[in-house]
Amino acid sequence: MKSVFGCALFLFAFLLSCTEQKSRSVASPHGADCTEIKASSPQASSGVYVVQPVRGKASFKVYCEMRADGGWTVFQRRSGASVAFNRNWAAYKNGFGDLTQDHWLGLRKVFSLTKNKTRKWILRVDLWDHEGGNAFAQYKNFRLGNEGTGFKLHVGKFKGNAGDAIRGAYAGIDQNGFGFSTIDHDNDGCSPCIFGDISQMECSFSAGGGWWFSRCGSASLNGDWHPAGDHIGWASGLHWETWKTRAPYSLKATRMMIKSV
């Protein structure tokens, strides 16, 4: 009898614990994006949260970088070779990787966040080199077009110490206004592109990953990752050529994130 009573008591305690955990999960901060979560819960720490974009059809998980200047939704992180970024259109559209580590959130989710025209967005790109240096590039009025436009990139006024690589280190390679390209979905404007004695039909083949290429251009952060001592002179790699002008220099780590204003 005591044994039966003890089992029943244990089961009740277990169910109560599960209910309390579920309640805590439901009560955790939530919002349309990381900026809203940070505003409603100033003490919220960086981590994975569920967001429900305004006018979005579905909620989804994102990594929120909670900073003194607000909550930022991370949609790209690179720090090593553990996650391959040489992927096709479907992968870049839907996302891949671990949100707490290296990952690509997905073009469809970024579009879902930024399509609400009642809000404006800031894009921040953080860069780290192999020598211990770092820099950033920040753009106002960031948004993506829908899939029919190839998730066309739109960025506004630039500030930062990394240089405006999206608009390019020289004329004619501005990536602003171009659709996203992958190895199986070309939107880069090359038909072909001529670089000296080299003819290039599709930038994603040589760069090694998807990006908003415009005649290839000066920015490309989704190529193959290269370690220190093996990161100079590669066509593939993590490039921001208005900061690292040695041709080409593959960065150690990158992070792309957005904040609503």
Side-chain angles (χ1 to χ4, degrees), residues 33-35 37-39 44-47 62-80 83 85 97 99-105 107 109-110 113-114 119-144 153-170 173-178 180 207 209-214 217-223 225-228 231-232 237-261:
D33 57 75
C34 297
T35 310
I37 293 172
K38 176 69 172 177
S45 58
S46 297
V62 299
Y63 188 92
C64 294
E65 188 70 30
M66 301 304 192
R67 294 163 43 99
D69 60 351
W72 295 77
T73 303
V74 177
F75 73 86
Q76 188 254 32
R77 180 185 284 130
R78 305 290 306 274
S79 64
V83 176
F85 274 65
L99 290 175
T100 64
Q101 300 177 44
D102 288 1
H103 72 278
W104 177 262
L105 180 61
L107 293 163
K109 293 173 184 174
V110 178
L113 286 165
T114 63
R119 298 186 180 192
K120 293 185 177 181
W121 292 82
I122 295 172
L123 166 67
R124 182 182 172 97
V125 182
D126 288 309
L127 310 168
W128 292 267
D129 64 21
H130 290 275
E131 293 74 44
N134 62 83
F136 79 98
Q138 195 162 295
Y139 296 88
K140 290 185 175 180
N141 298 323
F142 166 82
R143 70 182 189 278
L144 295 185
L153 175 66
H154 299 273
V155 292
K157 187 177 180 180
F158 162 83
K159 77 171 186 178
N161 59 356
D164 186 357
I166 286 178
R167 291 188 175 86
Y170 54 88
I173 56 173
D174 188 351
Q175 296 170 340
N176 190 25
F178 271 78
F180 200 84
W211 192 258
W212 298 275
F213 295 110
S214 165
S218 297
S220 174
L221 299 180
N222 291 332
W225 186 86
H226 297 286
H231 65 287
I232 300 294
L238 287 61
H239 304 305
W240 198 267
E241 294 178 11
T242 53
W243 182 40
K244 294 295 180 179
T245 57
R246 290 200 293 173
Y249 182 109
S250 183
L251 298 163
K252 181 180 181 180
T254 66
R255 179 177 63 192
M256 302 177 69
M257 53 190 187
I258 55 177
K259 178 180 74 168
S260 62
V261 293

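Side-chain atoms are counted along with the backbone in the values below, which use heavy atoms only and exclude waters and symmetry mates.
Taking W72 as the reference, D69 meet the side-chain hydrogen bond (donor to acceptor under 3.5 Å, both in side chains) condition, with sequence neighbours excluded. Among residues two or more places apart in sequence or in another chain, the side-chain contact (heavy atoms from CB on, under 4.5 Å) test is passed with N161 by A135, F136. Contacts of H154 classified as ring pair (Phe, Tyr, Trp, His ring centres under 6.0 Å), with partners at least two apart in sequence or in another chain: none. Contacts of D174 classified as side-chain hydrogen bond (donor to acceptor under 3.5 Å, both in side chains), with partners at least two apart in sequence or in another chain: none. Under the side-chain contact (heavy atoms from CB on, under 4.5 Å) criterion, S46 pairs with Y63, E65, M66, sequence neighbours left out. For W212, the ring pair (Phe, Tyr, Trp, His ring centres under 6.0 Å) partners are F180, not counting sequence neighbours. Judged as a side-chain contact (heavy atoms from CB on, under 4.5 Å), and not counting sequence neighbours, the contacts of R119 are A32, D33, E36, V54, N116, W121, S260. For Q76, the side-chain contact (heavy atoms from CB on, under 4.5 Å) partners at least two apart in sequence or on another chain are R78, F85, W104, L221, N222, T254, M256. Scored by the side-chain hydrogen bond (donor to acceptor under 3.5 Å, both in side chains) test, T100 finds D98 as partners (sequence neighbours excluded). Not a single side-chain hydrogen bond (donor to acceptor under 3.5 Å, both in side chains) links H231 to another residue, sequence neighbours left out. In this view, D102 satisfies the salt bridge (Lys or Arg N to Asp or Glu O under 4.0 Å) rule with no residue, not counting sequence neighbours.
Sorted by first and then second residue, the salt bridge (Lys or Arg N to Asp or Glu O under 4.0 Å) pairs involving residues 158-170 (not counting sequence neighbours) are D164-R167.
The backbone N or O of G163 lies less than 3.5 Å from a partner atom in the side chain of W240, making a donor-acceptor pair. Within the 3.5 Å criterion, the main-chain N or O of Q101 finds a donor-acceptor partner in the side chain of R77. Listed for the S218 side chain is no donor-acceptor partner under 3.5 Å among the backbone atoms of T242.
Here the straight-line distance linking atom CG of L144 with atom CG of L153 works out to 6.5 Å at 0.5 Å rounding. Taking CE of M257 as the reference point, atom CG of L105 lies at 14.0 Å (rounded to 0.5 Å). Between atom CG of residue N176 and atom OH of residue Y139 there is a gap of 8.5 Å, rounded to the nearest 0.5 Å.
A 6.0 Å sphere centred on CZ of R143 holds no more than 12 heavy atoms belonging to other residues, nucleotides or ligands.
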